[in-house]
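What you are looking at is a predicted structure, and each value in this text was computed from that prediction instead of being measured.
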Amino acid sequence: MHTPTYAPTYLAAELRLPTNWLDYTILAIYFLAVLGIGFAARRSVKTSLDFFLSGRSLPAWITGLAFISANLAATEILGMAANSAQYGAYTVHWYWIGAIPAMVFLGLVMMPFYYGSKVRSVPEFLLLRFDRAAHLLSSILFAFAAILIAGVNLYALAIVVEALLGWPQWVAIVVAGAFVLAYITLGGLSSAIYNEVLQFFVILAALIPITVLGLKKVGGWNGLTHKLTATHGQNFTTAWGGTGIGSTNPLGANWLTIVLGLGFVLSFGYWTTNFAEVQRALSAKNLSAARRTPLIAAYPKIFIVFLVMIPGLVAAAIVPNFGSAGSGYQYNDAIPYLMQELLPNGVLGIAVTGLLAAFMAGMAANVSSFNTVFTTDIWEKYVVPGREDGYYVRFGRLITVIGVCASIGTAFLASSFSNIMSYLQTLFSFFNVPMFVVFIVGMFWKRASAKSGFWGLLAGTVTAMVNYFVFYKKGIISIPSDQGANFVSAIAGFLAGALVMFAVSLFTKPKPTEELQGLVYGTRSPGMAEPPAPGDDAWYRKPALLGWGAVVLAAACYIPFSF
């Protein structure tokens, strides 16, 4: 799972950055490059497959970087630094437990089903495996969630830009929305993906100087851990301290809920069914490239945690009681505070550009997945079927405009929430987890009937909502934090969906075996077989080796934080 516990609802007023003409020049160059990529990508859009899935023609390294960039939204950058300033090294769980295993599972196990079945979206797989009811419900839920999440990214961007640069919120929302609209409408998914590759390197260029200069200021890693141990206790720089069952910690979760709630249910629910991510892998040129897409992305994901965690730890070490009312800062102020304190002009412009790039990457991923699902899964299947291919390309561009406008609307709607990231985390437990249980049962149990998909998805979604809004919010059960409540809601939704699918399947007929070829584990369709070229046994073309390598490397990274 990629999203943190908190996101900015405002930033400290004194964080206004001393930007000058050099910083704004860097920002302008970036925006011109974004539009240039959009115009260049437009020449390759001739069919609906080109517009929605880049013609399934992109190499694995492109789709892999786009995969991780689409996830690396600025809500994650600011929010994970906030988590680190508040909770310390617990942040590593969102990466090494809450992301890497699920990304490896997606590449090794699920991508052959997605890519081999030639579906254009994640909900379309449910149409093949189950029925139209499951497909339509999942399409509507995903389209709705995508617009809400895109709006949250826009609103968070507006908060940061207003605080750091002094732009009014509405200006930041409209300007960023217009640029995302321009390059996606022009070049479709190819434009979004190539811009995400650019944004990945811009984001790294923003985070690396902050991390390096921050460590230098506190005397390196040893100096940082010494100061934090003295002020926050020894567990602040460990990953598992205080997480025993019955123990208390600020996270409000023990090791069991971390492993099951975050590491399995929420994580697998997000990474394996969120079309904003999976769409990048589906645009790969062949099955091997599609499987390697999340595996390639897993490697930078292992190390990006240091670039977002260390700034939060540094802020907590530099400012006494950082995040408390007396300090004058929120936890969300960690990265903006270090930008103001450490970065000279020029480098400051790169950092601001990196934050804007991160917001735009997150929004573009959701908008591009929204236009695909709405056009191919709702409009083409149920509203206007059977039209010529060019019609759906034109409609895809139109619905992109509508989607961006709706995102701008939900951005202003998000301003009414006092804690937008807690709200965003809750959305994932409502929508992604129930969809995951339907996928995983359908892929591994041939007896799961066509009707069970719809009822399992509905039961999982309703159960997660009831647990959160009724049992938790009304105090019927005691959970220490919203984050802990999200973990419990996710587990409850998963179990309810699985039980309902099992019960419904016992009383309804399964689909014929011949209709399940390539859709259920142990069956195979012709499109799933891709023999390697003669003599092509290079290690980097072996998804299993790449995947398990990522898991082992992530596990090794835990060693310094385990004691």
Side-chain angles (χ1 to χ4, degrees), residues 52-53 56 102 105-143 145 265 268-279 281-282 287 290-291 294 369 372-373 376-378 380-382 385 431-461 493-494 496-529:
F52 295 119
L53 285 179
R56 284 197 171 100
F105 184 82
L106 171 64
L108 298 184
V109 178
M110 296 187 73
M111 279 315 302
F113 294 104
Y114 285 145
Y115 199 91
S117 61
K118 301 301 181 185
V119 296
R120 292 170 294 178
S121 70
V122 166
E124 190 174 12
F125 184 87
L126 294 185
L127 177 63
L128 300 180
R129 176 60 185 88
F130 295 103
D131 59 11
R132 289 167 67 89
H135 172 249
L136 181 59
L137 178 60
S138 64
S139 300
I140 292 172
L141 290 176
F142 179 83
V265 181
F268 279 67
Y270 175 81
W271 288 102
T272 64
T273 67
N274 184 24
F275 186 48
E277 303 291 339
V278 176
Q279 187 180 26
L282 288 178
L287 175 57
R291 296 183 73 189
S369 59
T372 301
V373 168
T376 64
D377 290 288
I378 298 176
E380 182 180 349
K381 290 285 194 307
Y382 301 102
F431 299 128
N432 291 93
V433 169
M435 195 174 296
F436 170 63
V437 70
V438 173
F439 272 91
I440 205 68
V441 171
M443 284 182 175
F444 286 91
W445 190 34
K446 290 173 64 175
R447 181 63 180 80
S449 68
K451 298 296 182 185
S452 69
F454 171 82
W455 292 109
L457 180 58
L458 184 63
T461 302
F494 181 89
L499 289 174
V500 168
M501 288 189 72
F502 178 77
V504 172
S505 295
L506 293 181
F507 295 98
T508 54
K509 293 181 178 181
K511 296 188 77 169
T513 303
E514 59 270 17
E515 295 182 19
L516 300 179
Q517 295 302 308
L519 304 176
V520 180
Y521 190 78
T523 67
R524 180 174 294 276
S525 67
M528 294 175 66

- Task: Apply the test salt bridge (Lys or Arg N to Asp or Glu O under 4.0 Å) to residues Glu124 and Lys381: give CA-CA distance (whole Å), side-chain angles for both, the deciding distance (0.1 Å), then the verdict.
- Result: CA-CA 10 Å; Glu124 190 174 12; Lys381 290 285 194 307; 3.4 Å; yes

Heavy-atom closest pair (Val500 atom, Ala459 atom, distance to 0.1 Å) is CG2-CB, 3.5 Å

Contacts of Ala498 meeting side chain to side chain contact (heavy atoms under 4.5 Å, CB included) (sequence neighbours excluded), chain-then-number -> Val437

*Side chains of Phe454 and Arg132: does their closest heavy-atom pair fall under 4.5 Å?*
no

What one should report as the nearest heavy-atom pair of Ala450 and Phe130 is O-CB, 3.5 Å

Discussion item. I'd like to check Thr273 versus Phe142 (side-chain heavy atoms, cut-off strictly below 4.5 Å). Are they in contact?
Written reply: no

Heavy-atom closest pair (His135 atom, Pro123 atom, distance to 0.1 Å) is CD2-O, 3.0 Å

Side chain to side chain donor-acceptor pair (under 3.5 Å) filter on Lys451, not counting sequence neighbours, yields none

TODO: Ignoring hydrogens and angles, tell me if any N or O in the side chain of Asp131 forms a donor-acceptor pair with the backbone of Ala134 under 3.5 Å.
DONE: yes

Side-chain contact test, heavy atoms from C-beta onward, threshold under 4.5 Å: evaluate it for Met111 versus Phe105 and give yes or no. no

Before giving the answer on side chain to side chain contact (heavy atoms under 4.5 Å, CB included), spell out for Asn432 and Trp271 the whole-Å C-alpha distance, their side-chain angles and the decisive distance to 0.1 Å. CA-CA 9 Å; Asn432 291 93; Trp271 288 102; over 6 Å; no

Hits for side chain to side chain donor-acceptor pair (under 3.5 Å) against Ser121, two or more places apart or cross-chain, chain-then-number order -> Asp377

Value for CG (Leu282) from NZ (Lys118), rounded to nearest 0.5 Å, stands at 10.0 Å

Under a 3.5 Å distance rule, please check whether Gln279 uses its side chain to pair with a backbone N or O of Phe52 as donor and acceptor.
yes

By salt bridge (charged side-chain N to carboxylate O under 4.0 Å, His left out), Glu380 pairs with (sequence neighbours left out) Arg120

Residues at least two apart in sequence or cross-chain that pass ring pair (Phe, Tyr, Trp, His ring centres under 6.0 Å) with Phe439, listed by chain then number, are Tyr114, Phe125

With sequence neighbours left out, the residues meeting side chain to side chain contact (heavy atoms under 4.5 Å, CB included) with Tyr521 are Phe113, Phe444

**Prompt:** Are any of the side-chain heavy atoms of Lys511 and Leu519 separated by less than 4.5 Å?
**Reply:** no

| Side chains of Phe431 and Asn274 in contact at under 4.5 Å (non-hydrogen atoms) | no

Residue set satisfying side chain to side chain contact (heavy atoms under 4.5 Å, CB included) with Leu499, at least two apart, ordered chain then number -> none

The reported gap from CG in Leu516 to CZ in Arg129 (rounded to nearest 0.5 angstrom) is 5.0 Å

Closest heavy-atom pair, Arg447 versus Pro510, reported as atoms and distance to 0.1 Å, is NH1-CD, 3.4 Å

Between Val441 and Ala448, the two heavy atoms sitting closest are CG1-CB, 4.1 Å

The side chain to side chain donor-acceptor pair (under 3.5 Å) partners of Ser138 (sequence neighbours excluded) come to none

I want to check something: taking the side chain as every heavy atom from C-beta on, are Pro434 and Phe494 in contact at a cut-off of under 4.5 Å? no

Residues Gly107 and Arg291: closest non-hydrogen pair is O-NE, 3.3 Å

| query | Is the shortest heavy-atom distance from the side chain of Leu141 to the side chain of Thr461 under 4.5 Å? | reply | yes

Here the gap from Leu126 atom CG to Leu457 atom CG, rounded to the nearest 0.5 Å, amounts to 7.5 Å

Contacts of Trp445 meeting ring pair (Phe, Tyr, Trp, His ring centres under 6.0 Å) (sequence neighbours excluded), chain-then-number -> Phe502

Exercise for review: Using a 4.5 Å cut-off on heavy atoms from C-beta on, say whether the side chain of Leu106 contacts that of Glu277.
Suggested key: no

Side chain to side chain contact (heavy atoms under 4.5 Å, CB included) filter on Leu136, not counting sequence neighbours, yields Ile140, Tyr382

For Ser449, the side chain to side chain donor-acceptor pair (under 3.5 Å) test, sequence neighbours excluded, returns Thr508

